[in-house]
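Taking it in order: structure first as structure tokens, then the write-up.
Atoms within a ligand are numbered from 1 in the order they appear, just like the ligands themselves.
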Amino acid sequence: MIIVFKPNATKAQLKHVENYLTSHGFEYHPSQGHENMIYGIIGDTQSLTPEFFKVFDGVSNAFRVQESYKRCSRAFHPRNSIVKVGKISIGGNKIAVMAGPCSIENKDMLNNISKEIVGYGANMIRGGAFKPRSSPYAFQGLGKEGLLYLREVGDRLGIPVVSEIMAIGDIPLFQEYVDVIQIGARNMQNFSLLKELAHVKKPVLLKRGISATVDEWLNSAEYLASKGNQKIMLCERGIRTFEKSTRFTLDLSSVPVIKKKSHLPIIVDPSHPMGERELVIPMARAAIAAGADGIMVEVHNNPDEALSDGAQSLYPKQFNELMKEIEIIAGALGKTIAKN
Ligand code: PEP
Ligand code: MN
């Protein structure tokens, strides 16, 4: 249930509603809109009726929220949420560009790629250390060693780093070494992992599941928000459809849909759905044009020899060209690329 107060509601009128809610076992989530203060009520609201609250002094309106993802819904929090990562703020008029190799293969390649892409304007470095590979015989990642290299390069270049977590037991490692914890598509509905990450204070990047609807994705985000992790970014990475000409179908329509339904920032990963570097570039441009708050792209300095996802990894020079293009597209929308 949502309670919308009148623009001139007094502190005493707010307090009266607060007292009623807390004394009846409900939590409330205040959110200051452009004109009105809004309270989202959390708890089993079946016993409450909107009509009951409409007659409280200072209340302008009250209505039920249909969605089960309350804290992540725009009704609860009408303004865009801004997630701070190091010096950059994601979700407003700054574009986040997370770039780097699919997997951290060794220290030198990570250092070389990172130095070059940061020079071209990447504002976050990505790199997988624990890899969710379809085959058990494929490269599984360097594990902790990879996270150490990532932390080192992030500190040296003054750039936040993002990497994917797979297991609950690795949470302390990720707390120590990364700035943003990525939850991969395959773990979007790993509710045990989500419940544990809900207590973590670090920003989280929640990828869309391979066959998840937007509402299922937002419900997964709600697991994180329900226990207090408010620093959530969503990441569209394509879904499985009947279309076989690309690896997955990049559902860019989810960008405006998420903006309508939720206040959370949304990042687009065009690399994993497109699967081929020449196809990644136009969809990266399209993501920014569609209103995404950032992109995540795979870049490799020797993609022919990459241990994972070489075919979709951009050459650093291509990444440089892409940065120039998205800067122009972002500019048309009154946005700029975030700088550390
Ligand atoms: C990745 O970002 O390297 C990755 C494995 O992505 P996804 O979970 O979207 O497949
Ligand atoms: Mn990859």
**Prompt:** Under 4.0 angstrom from ligand 1, any heavy atom of R208?
**Reply:** no

**Request:** Please find out if less than 6.0 Å separates the ring center of Y39 from that of F26.
**Result:** no

**Message:** Under a 4.0 Å threshold between the charged nitrogen and the carboxylate oxygen, would E327 count as salt-bridged to K324?
**Reply:** no

**Item:** G184: numbered ligand 1 atoms lying under 4.0 Å from its heavy atoms
**Value:** 8 (O)

**Item:** Distance under 6.0 Å and angle within 45° of ring axis: R237 vs F248
**Value:** yes

**Request:** Decide whether an N or O pair under 3.5 Å exists between D269 and ligand 1.
**Result:** no

**Fill in**
The protein heavy atom nearest to atom 8 (O) of ligand 1 is A185 N, 2.8 Å

**Prompt:** Which residue holds the protein heavy atom closest to atom 2 (O) of ligand 1, what is that atom called, and what is the gap in Å?
**Reply:** R126 NH1, 2.7 Å

**Atoms of ligand 1 close to K207 [distance to a heavy atom under 4.0 angstrom, numbered from 1]** = 1 (C), 2 (O), 4 (C), 6 (O), 7 (P), 8 (O), 9 (O)

**Ion pair check, E164 and K207, cut-off under 4.0 Å** = no

**Message:** Please list, in number order, the atoms of ligand 1 under 4.0 Å from a heavy atom of R237.
**Reply:** 7 (P), 9 (O), 10 (O)

**Request:** Would you mind checking if E176 and R151 are paired as a salt bridge, meaning a charged N to carboxylate O distance below 4.0 Å?
**Result:** no

**Message:** What do you get for the angle at the Mn ion (ligand 2) between OE2 on E298 and NE2 on H272, to the nearest 10 degrees?
**Reply:** 80°

**Path from V65 to F5 over hydrophobic side-chain contacts below 4.5 Å** = no

**Prompt:** What atoms of ligand 1 come closer than 4.0 angstrom to any heavy atom of R186?
**Reply:** 7 (P), 8 (O), 10 (O)

**Request:** For atom 4 (C) of ligand 1, grab the closest protein heavy atom and report residue, atom and distance to one decimal in Å.
**Result:** H272 NE2, 3.5 Å

**Asked** Under 4.0 Å between a Lys/Arg side-chain N and an Asp/Glu carboxylate O for D57 and K6?
**Response** no

**Message:** I'd like to know if K94 and D293 make a salt bridge, using a cut-off of under 4.0 Å between side-chain N and carboxylate O.
**Reply:** no

**Request:** Give the atoms of ligand 1, by number and element, whose distance to some non-hydrogen atom of E298 is under 4.0 Å.
**Result:** 3 (O)

**Request:** Identify whether the distance between the nearest side-chain nitrogen and carboxylate oxygen of D309 and K131 falls below 4.0 Å.
**Result:** no

**Heteroatom of D309 nearest to the Mn ion (ligand 2) (N, O or S, atom name)** = OD2

**Request:** For E164, counting its heavy atoms only, list the atoms of ligand 1 lying under 4.0 Å from any of them.
**Result:** 4 (C), 5 (C)

